[in-house]
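Start at 1 and go down the list; that is how both ligands and their atoms are numbered. Since this is a predicted model, take the numbers as computed values, not measurements. Below, all heavy atoms of this structure are taken into account, side chains as well, without hydrogens, waters or symmetry copies.
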Amino acid sequence: MADYDYDLFTIGAGSGGVRASRVSAAHGAKVAIAEEFRVGGTCVIRGCVPKKMLVYGAHFAEDLEDCQKFGWEIGDAKFDWIKLRDNVLADVDRLEGAYTDTLESHEVDIFKERARITGDHEITLESGKTVTAKHILIATGAHPRMPECQGADLAISSNDAFHLDELPKKIIIAGGGYIANEFAGIFNEFGTKVTIVNRGDQILRGYDESVRDRLLQISMTKGIQFRFNTVFEYIKECPDGGYFVKLSDCEEEHVDLVMFAVGRVPNTKDLGLDSVGVELGDNGEVKVDEFSKTNVDYIYAVGDVTDRVQLTPIAIREGQAFADSVFGDREPYAVDHGCIPSAVFSHPPIASVGMTEGEAKNTLGGVKVYQSDFRPMKNVLAGRNERSLFKMVCDAADDRIVGIHMIAPEAPEMMQAAAIAVKAGLTKADFDATTAIHPTMAEELVLMR
Ligand code: NDP
């Protein structure tokens, strides 16, 4: 051990890297971490956390409309983007401080600079300092993919969306996934005219068709436009401000902003991984086994850089499992990547766990599907013509629930509890045997026919 400066050197202080470093230190390892940008990583600095705050901020637009039917009279309601933006960014600063404190309180050395592997067990920092480590963990995350079309560099990514000096009046968002739908909802609630442009003919590939269709229908009713099977030909700067955009099947049009949300690419460039022979996959991701170990015995990788499941809670679990397995007092264990619940924070949100109806039919053969298609009580009184949908997919052979899919206000909050039941292998009969909490939306989970 004395041969190395550190037991563990982590590159990247995002969700996975921070968890792995602090738990390894708690297990008694001497740990250092390098971060070239800000401690906290994508989720905390320019992803899930500030995005969710914007979702809350945006949703007040509907609440202010709906509250009138509940007897509230609101005078001249005004929205101040700069105020929301700066409050969100201030909270991000606070969280960065909290993450830094956690590392420091575990005596993890923090290098706020870029690090590269420059030899066996050797890392060189931007400043030129070289250190050695018995184990190296790559936790560098991913960055937004920017497609190749003329003028692509004029478009923003979700990274920039948190820092805008003003809201666009008209925006085109490329992509039909998580980020496109979440930001389409946010901008639309703030009054921006939004068009989603997708290369394929569906949004949110991988989610159950019924909830995807419902989101599409609700989004269109709210005024979001969709262009499918469409690609960008060019983006040009307009001398009077904004951009001219030419899409494959349309006339050139003028918009204030173009945002790309077409997936994320693992950050493996210029890390020196080739110098020690770490194997990469087709998307540039670090290839790892179930214990997050690369083909090089002392180098591991967790989180988005491995392109397994690009979700924060998975990166955290992988970081925890790495630390416990390598430095803990127990047998190595792998993270279970099955039955992962997820959510899209659109307006309204989608939440899902397990197999879609289509997947279940292909995998299991016989399936039973139960559905509840209802208008939430709050929407009824508010006069909001927006229906929710719950779907439960069961294995016909034994009644076991293999998937639950929802689109409803607060669906992600309800799904977290429902996912425990699906993960535990409960059956439809177990749900039926549970008394409803009335009146709630969640009671539909135990009342589905
Ligand atoms: P997604 O993978 O969700 O969606 C990518 C979208 O872009 C798809 O519609 C895809 O189309 C399209 N696309 C992919 N490549 C190209 C290309 N070269 N040119 C044009 N279109 C393309 O990616 P996001 O960027 O929205 O999000 C990145 C990741 O971040 C997500 O996968 C998710 O793991 C994570 N995330 C999670 C959130 C959450 O948990 N709520 C929120 C935000 C992000 P097609 O369907 O045809 O492939």
Q: Are the side chains of F345 and K52 in touch, meaning some heavy atoms are under 4.5 Å apart?
A: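 Heavy-atom side-chain distance check passes, below 4.5 Å.
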Q: For the pair S248 (side chain) and V231 (backbone), establish whether a donor and an acceptor sit closer than 3.5 Å, ignoring hydrogens and angles.
A: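 Present.
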Q: Ignoring hydrogens and geometry, is there a side-chain-to-backbone donor-acceptor pair from R375 to R384 under 3.5 Å?
A: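 Yes.
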Q: Just going by heavy-atom distances, which of R264, R199, E182, Q310 is nearest to atom 42 (C) of ligand 1?
A: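 Minimum heavy-atom distance to atom 42 (C) of ligand 1 goes to E182.
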Q: Assess Q202 for proximity to ligand 1: is some non-hydrogen atom of it under 4.0 Å away?
A: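 No, Q202 has no heavy atoms under 4.0 Å from ligand 1.
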Q: Check the side chains of Y243 and Y234 for a donor-acceptor pair under 3.5 angstrom, ignoring hydrogens and angles.
A: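 Not at all, the side chains of Y234 and Y243 share no donor-acceptor pair under 3.5 Å.
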Q: For A343 and ligand 1, does the shortest N/O to N/O distance drop below 3.5 Å?
A: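 It does: an N or O of A343 is found under 3.5 Å from an N or O of ligand 1.
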Q: Is it true that Q202 and R212 share a donor-acceptor pair across their side chains at a distance under 3.5 Å?
A: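 Yes, a side-chain donor-acceptor pair sits under 3.5 Å.
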Q: Provide, to 0.1 Å, the distance between atom 46 (O) of ligand 1 and the closest protein heavy atom, together with that atom's residue and name.
A: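 Here the closest protein heavy atom is R205 NE, 2.9 Å.
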Q: Return the option from G263, C149, G177 holding the heavy atom at the smallest distance from atom 24 (P) of ligand 1.
A: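 Heavy atom nearest to atom 24 (P) of ligand 1 belongs to G263.
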Q: Checking H405 side chain against S352 main chain: does a donor-acceptor pair fall under 3.5 Å?
A: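 Pair absent, no side-chain N/O of H405 close to backbone of S352.
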Q: Identify the protein heavy atom lying closest to atom 37 (C) of ligand 1, giving its residue, its atom name and the separation to 0.1 Å.
A: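 I find the closest protein heavy atom is Y178 CD2, 3.5 Å.
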Q: Give the residue and atom name of whichever protein heavy atom lies nearest to atom 7 (O) of ligand 1, and the separation in Å to one decimal.
A: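 Protein heavy atom with the smallest distance to atom 7 (O) of ligand 1: V262 CA, 3.2 Å.
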Q: Is the closest side-chain donor-acceptor distance between R264 and S157 under 3.5 Å?
A: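 S157 and R264 do not have a side-chain donor-acceptor pair below 3.5 Å.
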Q: In terms of atom number and element, which parts of ligand 1 are under 4.0 angstrom from non-hydrogen atoms of K51?
A: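 With K51 as reference, the close atoms of ligand 1 come out as 41 (N), 42 (C).
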Q: Please compare N229, I203, T312, I179 and report which has the shortest non-hydrogen distance to atom 27 (O) of ligand 1.
A: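 That would be I179.
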Q: How does N198 reach ligand 1, if at all, at less than 4.0 Å between non-hydrogen atoms: by side chain, backbone, both, or neither?
A: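 Near ligand 1, N198 shows its side chain, while the N, CA, C and O stay back.
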Q: Side chain or backbone of L311 under 4.0 Å from ligand 1, or both, or neither, by non-hydrogen atoms?
A: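 Only the side chain of L311 comes within reach of ligand 1.
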Q: So, T100 side chain and E96 main chain: donor-acceptor pair closer than 3.5 Å or not?
A: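 Flag set: sc T100 to bb E96 pair under 3.5 Å.
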Q: Could you tell me which atoms of ligand 1, counted from 1 in the order shown, lie closer than 4.0 angstrom to a heavy atom of G176?
A: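 That gives atoms 6 (C), 8 (C), 9 (O) of ligand 1.
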Q: Quick one: does P147 get an N or O within less than 3.5 Å of an N or O on ligand 1?
A: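 No - when backbone and side-chain N and O of P147 are compared with those of ligand 1, no distance drops under 3.5 Å.
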Q: Under a plain distance cut-off of 3.5 Å, with no hydrogens placed, do D213 and S210 share a side-chain donor-acceptor pair?
A: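 Note: S210 and D213 side chains miss the donor-acceptor criterion.
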